[in-house]
Amino acid sequence: MSRPVPKSDWHPASWQKLPAAQQASYPDAAALDRAVAELSRMPPLVTSWEVDALKDHVARAQRGEAFVLQGGDCAETFDECTSENIVAKLKILLQMSLVMLYGLKKPVVRVGRMAGQYAKPRSADTETRDGKSLPSFRGDLVNRSPFTSEDRVPDPQLILRGYERAALTLNFVRSLIDGGFADLHHPEYWDLGWVGHSPMADEYHGIVKSISNSLDFLETVSGRELHRTQRADIYAAHEGLHLLYEQSQTRFLDRRDRWYNLTTHFPWIGMRTAAMDGAHIEYFRGIANPMGVKIGPGMTREWLQDLIAVLNPNNEPGRLTLIHRFGAKSIGEHLPDLIAAVRETGSPVLWVCDPMHGNTESTADGTKTRRFENVVSELESAFRIHRAAGSYLGGVHLELTGENVTECTGGARGLTDADLARAYKSTVDPRLNYEQAMEVAMRIAGLHKTD
Ligand code: PEP
Ligand code: CO
């Protein structure tokens, strides 16, 4: 595989010389240029201080001193940018992190798939229904989902609408956190309506009580309030797929002498766009953000070693996170060899397990789902394989929602294929609902013993 051009030739648009997978084709080039120019003038969504703080957290997790919880929707939609949805997502991430903090006895770094997760890779450029072919729906950042020619034309204005939704989301999350919503003294703020009816309610409330008691105890012996230091931060992440969007908000910071992507703290690269000689790797190698790379069954040891060499040539701690998503059945076959390949490079990485994307299947009527037992099984295998290899699994990447949807089967309530129709809302991948997500958190924390 050929390596890209040397770093000195890099600039935020240098990827444009290379083949870019998964990009929309906009019919109106002038309108696209105008939208990109407008977005380039807009203020950044995040700051380099925050980005560097997250990189430090990831570095800590690489050393085994923290655990990363990354989660959210498969795709955010503009319609769902509502206060209820944002609060519910924040609550589930906070609750899960509390359970994991308690069980793992390590700080948990929360990273939402949010405030920019608006673009999706597709297996085909077009979709055909009843003999009619139209461009595939690539997410709200690109086009609209109804199956009409008008809706499916990529619209450059949507890049700006996505930026604005991301800003509104981050603004609300920051205000809630600044106002004390994430204060560990008040986990009752995070209770979702149906927590009281959940089969896990007692376990969860027991943990909350125990944490409050510990905080009270610490404050009594130390004689000071732990309020501010115990504030929970939430970082933003999305797949860095739409390169014009990413490029528009990429800034050189003199103070740091580096380029930052300021649309998000943590962009990741999907495997479909991780070709060594492709545009995405060219773009990502030049930015200073901590970043993820998804790795699935098609990843080879050479490809992975090349990715590490190009994306983290100076072996910088906190820089690179590998998010593996093999599926419950295939993880045993692929992961050990890739752990060995990474070790040979001597470069630090954070290993994170995505137990969702390798476990997608269709029911008899064609509904996309995931079985809870496969999600848990891949996660448990991941912990076991890393432990056996003397490696550390330092995080989990989940598709989840704070809502009470029925998109994945199984879990404490034993949802079946027949339940899926009841509250299936995702237009892309099926997400864990609130209870299923909490159950995963309890399994990770080693607290929920059902077998
Ligand atoms: C995703 O994270 O939503 C996704 C598309 O994952 P992957 O590229 O790993 O299939
Ligand atoms: Co997905």
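Atoms within a ligand are numbered from 1 in the order they appear, just like the ligands themselves. In what follows, residues are counted from 1 in the order of the sequence shown.
- For ligand 1, the polar-atom distance check finds no N/O of Gln117 at less than 3.5 Å from any of the ligand's N/O atoms.
- Between Glu239 and Lys294, none of the side-chain N atoms (NZ, or NE/NH1/NH2) sits under 4.0 Å from a carboxylate O, so this pair counts as no salt bridge.
- A ring pair (Phe, Tyr, Trp, His ring centres under 6.0 Å) with Trp268 is found for one member of His280, His357, His397 and no other, namely His397.
- In the vicinity of Cys74, heavy-atom distances shorter than 4.0 Å reach the ligand 1 atoms 3 (O).
- For ligand 1 and Arg113, the ligand atoms under 4.0 Å from any heavy atom of the residue are 1 (C), 2 (O), 3 (O).
- Residue His397 has no nitrogen or oxygen atom sitting less than 3.5 Å from a nitrogen or oxygen atom of ligand 1, judged on distance alone.
- The existence of a salt bridge linking Asp233 and Arg174 is excluded, since no basic side-chain nitrogen approaches an acidic carboxylate oxygen closer than 4.0 Å.
- Contact atoms of ligand 1 toward Arg325: 7 (P), 9 (O), 10 (O) (distance under 4.0 Å to a heavy atom of the residue).
- From the protein, the heavy atom lying nearest to atom 1 (C) of ligand 1 is His357 NE2, 3.0 Å.
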TODO: Apply salt bridge (Lys or Arg N to Asp or Glu O under 4.0 Å) to Glu316 and Arg258, showing your working.
DONE: CA-CA 14 Å; Glu316 189 187 355; Arg258 296 186 79 168; 3.3 Å; yes
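- The OD2 atom of Asp429 and the SG atom of Cys74 subtend an angle of 90° at the Co ion (ligand 2), given to the nearest 10 degrees.
- Counting heavy atoms from C-beta on, the side chains of Phe78 and Arg144 never come closer than 4.5 Å.
- The protein heavy-atom contact nearest to atom 8 (O) of ligand 1 is Arg272 NH2, 3.5 Å.
- Considering backbone and side-chain atoms alike, Glu399 places an N or O below 3.5 Å from some N or O of ligand 1.
- For Glu399, the N, O or S atom closest to the Co ion (ligand 2) goes by the atom name OE2.
- A 4.5 Å side-chain heavy-atom check between Leu415 and Cys408 finds every atom pair outside the cut-off.
- Using a 30° and 60° split on the angle between ring planes, Trp351 and His324 fall in the tilted class, from 30° to 60°.
- Taking 4.0 Å as the cut-off, Met356 does not count as a neighbour of ligand 1 on heavy-atom distance.
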